[in-house]
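We're numbering straight along the sequence, starting at 1.
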Amino acid sequence: MTERRAILSGSTFEEQIGYARAVVDGDWVHVSGTTGFDYATMTIPEDVVAQAEQCVHNIEAALTEAKCTLADVVRVRYMLPERANFEPCWPVLRRAFGDVRPAATMLVCGLADPRMKIEIEVYARRAVA
């Protein structure tokens with residue numbers, strides 16, 4: 001039977017909406033759309049670049065709990081309400097994913113809270129021992 005388990009971050013959104021930060025399903029790790037909230041304080045910076053950095057930090061925390069790293073990411077989706085906010089985030093995203101080169105998509109769309117300026121979702125595949 002394939003291992004399937006939920007990873008929770010402590011975000012109040014997970015409890016209120018009914019989802020997990022990530023789900024481990026066998027070798028696959030599906031990380032939910034992750035925003036720039038600091039889940040310990042449930043605060044979010046105003047700056048989109050700072051939000052992108054916090055998104056990556058939150059994603060790394062979920063991947064670590066799933067026993068993998070950013071190097072295991074094979075797919076990433078960037079969602080932003082404002083197209084112009086994407087390019088300022090590129091240096092942060094390049095530091096996180098530049099060596100890995102996952103398949104990627106950027107979408108312009110509304111997000112759940114007007115304070116959110118970027119949301120990032122990733123899929124990773126854990127290395128087989």
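Of the inter-residue distances, the one linking L111 atom CG with E119 atom CD reads 5.5 Å to the nearest 0.5 angstrom. Distance check, rounded to the nearest 0.5 Å: CD1 of I120 to CZ of R77 gives 13.0 Å.
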Side-chain donor-acceptor contacts of residues 43-60 below 3.5 Å, not counting sequence neighbours, with atom names and distances?
from: T43; atom 1: OG1; to: T41; atom 2: OG1; distance (Å): 2.6
from: D47; atom 1: OD2; to: V49; atom 2: N; distance (Å): 3.1
from: D47; atom 1: OD2; to: A50; atom 2: N; distance (Å): 2.9
from: Q51; atom 1: OE1; to: K117; atom 2: N; distance (Å): 2.8
from: Q51; atom 1: NE2; to: P45; atom 2: O; distance (Å): 2.8
from: Q51; atom 1: NE2; to: R115; atom 2: O; distance (Å): 2.9
from: Q54; atom 1: NE2; to: N58; atom 2: OD1; distance (Å): 2.8
from: N58; atom 1: ND2; to: T35; atom 2: O; distance (Å): 3.1
from: N58; atom 1: ND2; to: F37; atom 2: O; distance (Å): 2.8
from: N58; atom 1: ND2; to: Q54; atom 2: O; distance (Å): 3.4

List the atom pairs, with distances to 0.1 Å, where a side-chain N or O of residues 79-108 and a protein N or O form a donor-acceptor pair under 3.5 Å, not counting sequence neighbours.
from: R101; atom 1: NE; to: G98; atom 2: O; distance (Å): 2.7
from: T105; atom 1: OG1; to: R75; atom 2: NH1; distance (Å): 3.2
from: T105; atom 1: OG1; to: R75; atom 2: NH2; distance (Å): 2.9

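In this structure, the side chains of V73 and V31 stay at 4.5 Å or more apart for every pair of heavy atoms.
Cluster annotation: M116 is not connected to I118 through the hydrophobic network of ILVMFWY side chains, with a link wherever side-chain heavy atoms come within less than 4.5 Å. Placement of I17 and V23 in two distinct hydrophobic clusters is found when ILVMFWY residues are connected by side-chain heavy-atom separations under 4.5 Å, directly or transitively.
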ask   = V76 and V122: side chain to side chain contact (heavy atoms under 4.5 Å, CB included), yes or no, with the steps?
value = CA-CA 4 Å; V76 61; V122 304; 3.7 Å; yes
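For A61, the side chain to side chain contact (heavy atoms under 4.5 Å, CB included) criterion is met by no residue, not counting sequence neighbours. T64 pairs by the side chain to side chain contact (heavy atoms under 4.5 Å, CB included) definition with nothing, not counting sequence neighbours. T34 is linked by a side-chain hydrogen bond (donor to acceptor under 3.5 Å, both in side chains) to R21, counting only residues two or more places apart in sequence or in another chain. Listed by chain and number, the residues in a side-chain hydrogen bond (donor to acceptor under 3.5 Å, both in side chains) with S9 are E14 (sequence neighbours excluded).
Under the 3.5 Å distance criterion, the side-chain polar atoms of S11 are left unmatched by any main-chain donor or acceptor of Y39. With hydrogens and angles disregarded, no donor-acceptor distance shorter than 3.5 Å links the side chain of R126 to the backbone of V29.
When all heavy atoms are compared, the tightest approach of V24 to A66 is CG2-CB, 3.6 Å.
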